[in-house]
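Since this is a predicted model, take the numbers as computed values, not measurements.
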Amino acid sequence: MKISTEALLDELKSRTGQHLQYAETLLLKPENELNFRITSDSWSTLECLEHLNRYGDFYIPEISRRISSSKTTPKSDFKPGILGNYFAKSMLPKEKLNKMKTLKIMNPIHSELNKEVVTEFIKQQQQLLDLLEKASHINLEKTKTAISISKLITLKLGDTLRFVIYHNARHMAQAERVLKNI
């Protein structure tokens, strides 16, 4: 399967823009609502965003380094890798969300959180938009990034961008569901 590079980057920018806009509306909500949990072992809205921030703390500098050191030229199409495509697609939100385990260091459950989490998430989304713009000037297949669980495994930059942004979409949908239950 091949995707137009321009169409892929446009889709990822659009999703990131939506995440950014939604996060900005969260700043208007009281902290007690943002800390509300449906059950004692489920995540609050702030915990969803904190989880994403922790991944952003790894992926944003990694993507930035790889883009700035890439000596490639852009290609009109992007062909996802087998592993990268699997990871990216597994992150997309579904009607009935399949639960996934997260690494202990990425699990924010029962953390003391405030709106600074939202502010950090907004900052990271702005950085992602900037990186998506820069990504249009390099080859998304030849430029590779490490992944958070192992620096030995690398993915095509296009797959990493899809994974990160689809992962954001998954947890933004989760955060919205939490707030609808208040």
Does atom [atom1] of [X] have more than 12 heavy-atom neighbours, drawn from other residues, nucleotides or ligands, at distances under 6.0 Å?
X	atom1	result
Lys29	NZ	no
Glu116	CD	no
Ile82	CD1	no
Glu24	CD	yes

Checking the side chain of [X] only, and the main-chain atoms of [Y] only, is there a donor and an acceptor separated by less than 3.5 Å?
X	Y	value
Glu47	Ser44	yes
Glu31	Lys115	yes
Ser64	Ile60	no
Thr143	Asn139	yes
Asn181	Arg177	yes

Sequence neighbours left out, what pairs pass ring pair (Phe, Tyr, Trp, His ring centres under 6.0 Å) with at least one residue falling in residues 104-160?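 Sorted pair list comes back empty.
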Are [X] and [Y] close enough that some pair of their side-chain heavy atoms sits under 4.5 Å apart?
X	Y	result
Asp77	Ile3	no
Leu155	Phe87	yes
Asn85	Arg162	yes
Pro80	Lys156	no
Lys13	Glu133	yes
Met100	Arg170	yes
Lys89	Tyr166	no
Leu179	Leu26	yes

Salt bridge (Lys or Arg N to Asp or Glu O under 4.0 Å) between Glu141 and Lys79: does it pass, once the steps are laid out? CA-CA 7 Å; Glu141 287 179 29; Lys79 186 177 186 323; over 6 Å; no
Under the side chain to side chain contact (heavy atoms under 4.5 Å, CB included) rule, what do Ile67 and Leu131 come out as? Steps first, then yes or no, please. CA-CA 8 Å; Ile67 288 174; Leu131 290 171; 4.1 Å; yes
Please identify each residue that fulfils side chain to side chain contact (heavy atoms under 4.5 Å, CB included) with Ala7, with sequence neighbours left out.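 Here the qualifying residues are Ser4.
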Quick one: side chains of residues 144-152, donor-acceptor pairs under 3.5 Å with protein atoms, not counting sequence neighbours, listed by atom name and distance.
residue: Thr145; atom: OG1; partner: Thr160; partner atom: OG1; Å: 2.5
residue: Ser148; atom: OG; partner: Tyr59; partner atom: OH; Å: 3.4
residue: Ser150; atom: OG; partner: Leu152; partner atom: N; Å: 3.1

State, without any angle test, whether Gln124 and Asn168 hold a side-chain donor-acceptor pair at a distance under 3.5 Å. no
Any donor-acceptor pair under 3.5 Å linking the side-chain atoms of Asn107 with those of Arg54? no
Side-chain heavy atoms under 4.5 angstrom apart, residues restricted to Ile, Leu, Val, Met, Phe, Trp, Tyr: same cluster for Ile109 and Leu113? no
Passes side chain to side chain contact (heavy atoms under 4.5 Å, CB included), Thr45 versus Gln174? Steps please. CA-CA 8 Å; Thr45 297; Gln174 180 184 5; over 6 Å; no
Please test His51 against His167 for ring pair (Phe, Tyr, Trp, His ring centres under 6.0 Å), starting from the C-alpha separation and ending with a verdict. CA-CA 10 Å; His51 172 71; His167 182 239; 4.9 Å; yes
Measure the spacing between CG of Asn114 and CG of Asn35 and express it to the nearest 0.5 Å.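 Going from the CG atom of Asn114 to the CG atom of Asn35 covers 8.5 Å.
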Atom pair CG (Leu12) and CG (Leu128), whose distance is rounded to the nearest 0.5 Å: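 Separation between the atoms: 9.0 Å.
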